[in-house]
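Structure record follows, encoded as structure tokens.
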Amino acid sequence: MSLTGNDLKGIGFQEGKALGLALQVMEKDFSTLPVADQLSLLKKVITDPEAYQHDVNFGVVASQLLQPVDPIIALEPQKAYTVYGAEGIEQGAIGQMQTAMRLPVTVGGALMPDAHQGYGLPIGGVLATHNAVIPYGVGVDIGCRMCMTLYAMPAAMLQQKTDSFKKMLVDNTRFGIATFKKPQEDAIFDRQEFQDLNILRGLKDRAWQQIGSSGGGNHFVEFGVVEITNAINELNVPVGQYLAVLSHSGSRGLGANIARYYTDVAMNLCKLPAEAKHLAWLDLDTEAGQEYWLAMNLAGDYASACHHQIHNRLAVALGETPLAMIENHHNFAWKEKDAQGREIIVHRKGATPAGKGVLGIIPGSMASPGFIVRGKGLAASISSASHGAGRLMSRTKAKASISPAAVKAMLQHEGVELIGAGLDEAPMAYKDIHQVMEYQKDLVDTLGTFMPRIVRMCGDERFQEVD
DNA sequence: ATGTTC
């Protein structure tokens with residue numbers, strides 16, 4: 001029988017290295033004993049660690065228990081930050097942002113109008129720090145991002161040949177646990193980081209299996225209609241309608257494992273009061289900080305590579321070359337400059353980079369438009385905007401209160417075909433994107449809109465191997 | 001977000 005972390009906490013272990021080591025020792029050498037016997041052994045060790053310092057089995061656990069406990073870093077008075085669309089933001093997200101503004105490393109922050117509560121920094125939170133990176137300020141899905149390609153094809157084809165476009169999505173995208181039988185080669189796998197960092201060496205094989213796949217949750221790949229409304233645009237396309245592909249996904253298991261590992265490292269190295277513990281940071285001058293920075297950037301590039309494979313497969317299926325491609329991370333940290341020219345680390349956890357002239361994509365929901373935007377570089381927003389409409393209700397509440405018939409009717413009304421997805425992704429579970437765009441009109445200009453027509457999200461693939 | 005827990 002295997003012990004759990006909670007079992008150990010029950011006999012007095014604190015969250016930390018000793019707990020992890022104790023679990024390892026029990027799993028390796030004592031896993032055949034009944035749980036009660038395992039616990040009574042560990043109880044002796046934690047009661048009198050001195051006696052076990054040189055024990056062949058428990059020496060490593062006892063020595064760790066005897067290490068002095070790291071002092072807790074004090075929070076400072078809260079620094080000022082700007083909230084956009086405060087009336088639509090839940091209190092939990094505001095509270096989390098206030099805590100983040102009290103870290104000694106924090107130099108600035110902003111909360112986007114689609115914000116909601118997360119772990120550590122809220123989703124929709126932007127945090128600028130000095131020389132420190134917070135793994136939970138980036139989020140679990142490192143490099144979660146948007147990518148859009150525009151085609152010189154009549155958008156009406158989507159209605160005329162709906163079934164053929166649906167088949168293109170089914171054949172060329174993978175959701176949930178499903179992956180491609182033959183993953184496509186990619187330059188990302190030549191990256192030295194996969195050899196240089198221990199953690200990455202063990203993650204490469206699954207990254208290879210998963211490349212080009214989309215995962216689950218709010219991720220999607222969809223065909224839709226882009227309406228370019230601004231004649232002055234960096235895409236170099238005239239005002240008008242375009243058939244387009246839009247994708248939303250991240251770095252799959254690769255980023256999730258990097259995030260989990262370095263959050264753990266940070267929380268062990270950087271002890272904060274309970275309400276701030278998930279905001280543990282890594283100093284960029286330390287080995288761990290530099291490793292995380294490399295791993296995070298690799299995960300971001302991997303997420304980008306996944307999107308490029310998705311769009312390439314669909315370009316082949318369409319038999320066309322895209323006119324333009326737009327893409328942006330919205331879960332990431334960047335080295336940027338503040339107004340005084342100092343280097344800052346900008347964490348955007350569910351926020352779109354909106355530096356002056358920077359293009360980005362802000363999706364709505366499966367039945368409402370997304371927006372192609374150009375950042376205005378507003379300092380108060382730390383050059384950021386929202387990464388979507390934001391949830392109006394939790395996944396649990398959405399599943400309990402929205403009826404499949406209502407979703408079906410809404411999709412039909414908006415002329416949207418859907419493959420997969422659960423009620424937690426229903427359009428009515430999201431805020432009104434037009435209202436959210438209004439809240440952030442000082443942050444971005446709109447170049448065009450994207451209306452979804454044929455949407456694929458994660459469905460039963462969660463439970464069922466496809467290929 | 002994630003083969004969802006060291």
Side-chain angles (χ1 to χ4, degrees), chain A residues 1-10 13-28 31 35 38 42 60-61 64 116-125 135-146 174-179 198-199 202-203 205-210 213-220 247-269 277-278 280 295-296 299-300 302-303 306-307 329-332 348-351 363 387-388 391 394-396 421-422 424-425 457-458 461-466:
Chain A
M1 278 298 288
S2 287
L3 292 177
T4 66
N6 280 337
D7 291 334
L8 270 61
K9 284 175 195 169
F13 276 83
Q14 303 283 322
E15 184 69 51
K17 281 185 196 162
L19 187 154
L21 289 168
L23 282 177
Q24 281 176 28
V25 169
M26 299 319 281
E27 182 64 34
K28 186 167 155 286
S31 59
V35 165
Q38 294 186 47
L42 285 173
V60 58
V61 177
Q64 185 61 46
H116 54 99
Q117 200 170 343
Y119 268 110
L121 195 65
I123 318 300
Y136 260 142
V138 170
V140 175
D141 192 3
I142 300 171
C144 186
R145 69 201 320 267
M146 304 301 304
R174 290 292 180 275
F175 285 81
I177 61 167
T179 54
N198 279 333
I199 168 90
L203 297 174
D205 284 351
R206 187 141 58 93
W208 160 252
Q209 281 302 321
Q210 293 185 324
S213 67
S214 297
N218 57 2
H219 292 173
F220 61 75
S247 52
H248 175 218
S249 53
S251 51
R252 312 291 285 105
L254 178 65
N257 281 284
I258 292 169
R260 186 166 49 197
Y261 177 78
Y262 285 101
T263 292
D264 196 46
V265 171
M267 285 173 62
N268 276 314
L269 291 174
K277 69 173 183 177
H278 289 126
M296 177 194 77
Y302 175 80
C306 285
H307 280 268
H329 289 328
H330 53 219
N331 279 13
F332 211 63
R348 295 189 181 86
K349 186 186 191 179
H387 80 313
R391 295 196 75 89
S394 69
R395 292 185 182 280
T396 321
D424 46 345
E425 287 300 326
M457 299 189 82
C458 185
E461 308 90 327
R462 249 179 293 207
F463 313 106
Q464 186 184 327
E465 198 79 48
V466 176

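By convention in this document, chain letters (A, B, ...) are assigned in the order of the sequence lines, proteins followed by strands, and residues within each chain are numbered from 1.
Distance, A:F175 CZ to B:dT2 P: 10 Å, rounded to whole Å. Across the protein-nucleic acid pair, A:M26 atom CE and B:dC6 atom P stand 17 Å apart, rounded to whole Å. At whole-Å resolution of the value, CG in A:L203 and P in B:dT2 are 14 Å apart. Atom CD1 of A:I258 is separated from atom P of B:dT2 by 14 Å (rounded to the nearest Å). Rounded to a whole Å, the CG atom of A:D424 is 19 Å from the P atom of B:dT4. Protein atom OH of A:Y261 is 22 Å distant from nucleotide atom P of B:dT2, rounded to whole Å. If you take CG of A:D7 and P of B:dT5, they are 15 Å apart, rounded to a whole angstrom. Taking atom CZ on A:F13 and atom C1' on B:dT5, their separation rounds to 17 Å, with Å as the unit.
In terms of the side-chain hydrogen bond (donor to acceptor under 3.5 Å, both in side chains) criterion, A:R206 has no residue partners (sequence neighbours excluded). Partners of A:S394 under the side-chain hydrogen bond (donor to acceptor under 3.5 Å, both in side chains) rule, at least two apart in sequence or in another chain, do not exist in this structure.
Nearest to the side chain of A:H219, among B:dT2, B:dC6, B:dG3, sits B:dT2. Ranking B:dC6, B:dG3, B:dT2 by closeness to the A:A256 side chain, first place goes to B:dT2.
Residues A:R348 and A:F332 fail the side-chain proximity criterion, which asks for heavy atoms closer than 4.5 Å. Proximity of A:R252 to A:S213: side-chain heavy atoms (C-beta onward) are separated by under 4.5 Å at one or more points.
OP1 or OP2 of B:dG3 lies within a sub-4.0 Å distance of a side-chain N or O belonging to A:Q210. Contact annotation: A:R260 does not reach the phosphate of B:dC6 (side-chain N/O to OP1 or OP2, under 4.0 Å).
Of the two residues contacting DNA chain B, namely A:D141 and A:G5, the nearest-nucleotide position lying further toward the 5' end is that of A:D141.
Of the possible polar contacts, none joining the A:Y119 side chain to the A:H278 backbone as a donor-acceptor pair under 3.5 Å is found.
The residue A:G253 sits close only to the backbone: its heavy atoms come under 4.0 Å of sugar-phosphate atoms, none of a base. A:G139 comes within 4.0 angstrom of nothing in the nucleic acid, heavy atoms only.
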